Amino acid sequence: MVKLSVKDLSVRGKRVFMRVDFNVPMEERDGQMVINDDTRIRETLPTLELLIERGAKIILAAHLGRPKGKREPSMSLRPVAIKLADMLGRPVAFADDCIGEKVEKTAGALKDGDVLILENVRYYNEEEANEPIFAEKLAKVAELYVNDAFGAAHRAHASTEGVARIVAKRGGQCAAGLLMERELKFLGDELENPSRPFVVILGGAKVSDKIKVIDRLLEKADTILIGGAMAYTFKLAHGVKVGKSLVEPDHKQTALDAEAKAKKLGVNFQLPTDTVVATPVDTGKLNKKGKPVYDLTNVRTVKGDIPDDAEGFSIGEETAKRYAEIIRGAKTILWNGPMGMFEDARFAGATNSVAQAVADATQKNGAKSIIGGGDSVKAIHMAKLGDKVTFMSTGGGASLEFLEGKELPGVAALRDK
Ligand code: ADP
Ligand code: MG
């Protein structure tokens with residue numbers, strides 16, 4: 001399922017419609033929208049520089065926020081155009097719409113190597129509806145199509161799917177950008193035939209979020225390490241008490257089925273043996289969303305049953321040590337979901353130890369380490385190990401669906417090699 005790459009296209013003098021992920025966090029300061037984190041813009045630079053160097057006429061389409069079909073001025077891509085021009089060190093044109101005559105005229109006047117950003121495609125409801133007439137209008141300026149927005153590829157929207165289909169029907173080529181290509185390589189090909197031992201670390205909040213991933217990876221992995229709140233559903237399924245912990249009683253059977261499958265396939269399936277817990281005490285206050293605020297008191301580590309008044313927030317140190325040892329011997333590592341509520345420093349220790357082990361395996365054991373999931377990537381950054389792992393997905397929800405083995409519409413629309 002290797003997809004055509006932007007590197008394979010002959011783009012000189014051609015109008016390349018490129019879908020990018022410019023959904024950057026913004027904030028209003030003195031009446032102006034300011035970009036808080038430009039990582040997503042920076043990440044598109046390699047593909048853009050390649051296209052510029054090869055003389056393409058580049059038309060960028062993206063969404064920002066959720067304007068729900070309205071021209072919401074705070075969600076305009078204009079500040080992104082200014083930022084991109086700054087990063088590229090060359091002018092970037094901006095069209096205050098994504099379809100229509102004006103856009104066509106501006107696109108038609110582009111010279112080789114020029115860059116144009118279209119206004120937020122989600123100013124139109126037709127974008128998310130993948131409405132065919134809207135997609136045709138978007139596609140009017142496109143001769144070739146490139147998708148570098150892996151994080152939006154799990155949705156069949158006009159700019160992620162509709163335009164590609166139209167371009168392909170006209171005989172134009174549709175290819176993956178360099179970012180997209182890397183995502184497909186690491187989340188796809190590398191895990192298809194992994195070097196062994198292949199260790200999968202799964203955590204996060206819910207079993208129900210991850211069960212499809214567990215199910216699929218059980219068929220590939222040598223070892224699966226379970227952490228995070230997900231572990232409490234497994235505990236409960238074994239008749240162990242979980243106190244006030246986040247748990248999904250409806251998924252006890254799901255958990256047992258996963259363990260049974262692991263046994264059948266000879267997968268080493270590991271569960272935590274100790275838990276960091278705290279006792280929540282109601283402060284009588286409400287947060288912004290009107291929910292009660294709890295103080296988490298008496299942080300301690302327990303084995304076996306979690307006391308009735310306590311809530312679990314992380315795997316314990318003993319479990320983290322055991323997991324770290326296994327991880328250090330791995331040749332391929334996939335990590336999806338933190339080992340605890342790492343956002344609170346009191347519960348971040350085990351997640352950090354696991355992150356360190358992943359980094360060590362990569363640096364000292366020559367392992368390939370692949371991190372999927374928005375919060376897992378945050379955890380790696382918090383541990384300051386971002387440059388010590390092989391690959392961190394930018395995909396969030398899209399990477400989860402891809403790991404489940406689903407075909408993403410935005411990927412399916414690209415041409416196979
Ligand atoms: P990812 O985004 O990497 O796929 P998830 O979204 O599945 O990960 O899970 C991340 C969230 O799970 C984090 O916000 C973290 O605080 C929470 N979490 C992990 N362990 C626990 C726990 N024991 N109790 C409550 N929340 C937890
Ligand atoms: Mg998440």
Side-chain angles (χ1 to χ4, degrees), residues 23 25 150-151 154 183 186-187 200-214 216-217 224-236 240-249 251 254-255 271-280 289 291 293-294 296 299-302 306-307 310-317 319-320 323 333-355 358 369-383 385-386 389 391-404 406:
N23 192 21
F150 181 73
H154 57 320
E183 294 276 355
F186 284 107
L187 297 180
V200 175
I201 312 159
L202 289 172
K206 292 180 180 170
V207 173
S208 56
D209 282 349
K210 304 282 164 86
I211 187 59
K212 288 195 194 123
V213 176
I214 300 178
R216 175 154 176 271
L217 289 168
I224 295 192
L225 308 174
I226 299 285
M230 193 200 293
Y232 310 134
T233 302
F234 284 89
K235 263 183 184 293
L236 198 67
V240 180
K241 288 190 179 162
V242 297
K244 294 190 154 102
S245 307
L246 189 62
V247 72
E248 293 175 285
H251 281 281
T254 314
L271 292 166
T273 43
D274 60 343
T275 309
V276 181
V277 304
T279 304
K289 289 181 184 161
K291 293 222 175 101
V293 176
Y294 292 92
L296 300 177
V299 176
R300 61 211 188 268
T301 300
V302 301
I306 295 174
E311 181 171 353
F313 288 105
S314 175
I315 64 170
E317 206 175 306
T319 306
Y323 285 7
I333 299 163
L334 173 70
W335 185 8
N336 179 276
M339 296 290 97
M341 199 173 78
F342 70 97
E343 297 91 340
D344 183 326
R346 294 173 295 172
F347 309 113
T351 297
N352 287 339
S353 306
V354 164
V358 172
S369 52
I370 298 161
I371 319 297
D375 293 296
S376 312
V377 169
K378 262 187 223 156
I380 290 276
H381 281 308
M382 259 174 81
L385 296 169
V389 297
F391 179 71
M392 285 190 287
S393 175
T394 58
S399 33
L400 200 65
E401 287 194 26
F402 193 70
L403 289 172
E404 286 172 2
K406 271 194 205 151

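One-based numbering along the sequence shown. Atom set for the values below is all heavy atoms of this structure, side chains included, hydrogens, waters and symmetry mates excluded. In this text the structure is predicted, and so the values were computed from the model without any measurement. First listed ligand is number 1; within each ligand, the first listed atom is number 1.
For ligand 1, the atoms closer than 4.0 angstrom to any heavy atom of Gly337 are 3 (O), 8 (O). Below 4.0 Å from some heavy atom of Ala205 lie the following atoms of ligand 1, by number and element: 7 (O), 9 (O), 12 (O).
With respect to atom 24 (N) of ligand 1, the closest heavy atom belonging to the protein is Gly312 O, 3.6 Å. When hydrogens are left out, the protein atom nearest atom 23 (N) of ligand 1 is Tyr232 OH, 3.1 Å; that is the closest non-hydrogen contact. In terms of protein heavy-atom proximity, atom 22 (C) of ligand 1 is closest to Ala229 CB, 3.5 Å. Taking atom 9 (O) of ligand 1 as the reference point, the nearest protein heavy-atom neighbour is Gly204 CA, 3.2 Å. For atom 3 (O) of ligand 1, the closest non-hydrogen atom of the protein is Ser376 OG, 2.5 Å.
In this structure, the side chain of Arg346 engages the main chain of Leu296 through a donor-acceptor pair within 3.5 Å. Distance alone, capped at 3.5 Å, is enough to place a donor-acceptor pair between the Thr351 side chain and the Met339 backbone. Asp274 places a side-chain N or O within 3.5 Å of a backbone atom of Thr319 that can act as its donor or acceptor partner. A side-chain donor-acceptor contact under 3.5 Å links Thr233 to the backbone of Glu248. Between the side chain of Glu311 and the main chain of Thr279, no donor-acceptor pair closer than 3.5 Å is present.
A perpendicular orientation is assigned to the rings of Phe402 and Phe150, their planes being inclined by more than 60° (bins at 30° and 60°).
Contact annotation: the side chain of Trp335 approaches that of Ile380 to within less than 4.5 Å [non-hydrogen atoms, C-beta and beyond]. Residues Met230 and Lys210 meet the side-chain proximity criterion, which asks for heavy atoms closer than 4.5 Å. Annotation: side chain of Val377 is not in contact with side chain of Ser393 (no heavy-atom distance under 4.5 Å). Contact check for Met392 versus His381: side-chain heavy atoms found under the 4.5 Å cut-off.
Considering Val358, Asn336, Leu385 in turn, Val358 is the only one that fulfils the side-chain contact (heavy atoms from CB on, under 4.5 Å) rule with Ile371. Results of the ring-ring contact (aromatic ring centres under 6.0 Å, His included) test with Phe313 over Phe347, Tyr232, Tyr294, Phe342 single out Phe347 as the only residue that passes.
Protein atoms of type N/O/S that fall under 2.8 Å from the Mg ion (ligand 2) number 1 in this view.
Under 4.0 angstrom from ligand 1, the non-hydrogen atoms of Lys210 all belong to its side chain. At a 4.0 Å heavy-atom cut-off, ligand 1 does not touch Phe347 at all. Contact annotation for Glu343 and ligand 1: only side-chain heavy atoms (C-beta onward) come within less than 4.0 Å of the ligand.
Checking Val277, Leu202, Asp375 against atom 1 (P) of ligand 1, the nearest heavy atom belongs to Asp375. With Gly340, Ser245, Pro338, Gly372 as candidates, the residue nearest to atom 18 (N) of ligand 1 on a non-hydrogen basis is Gly340.
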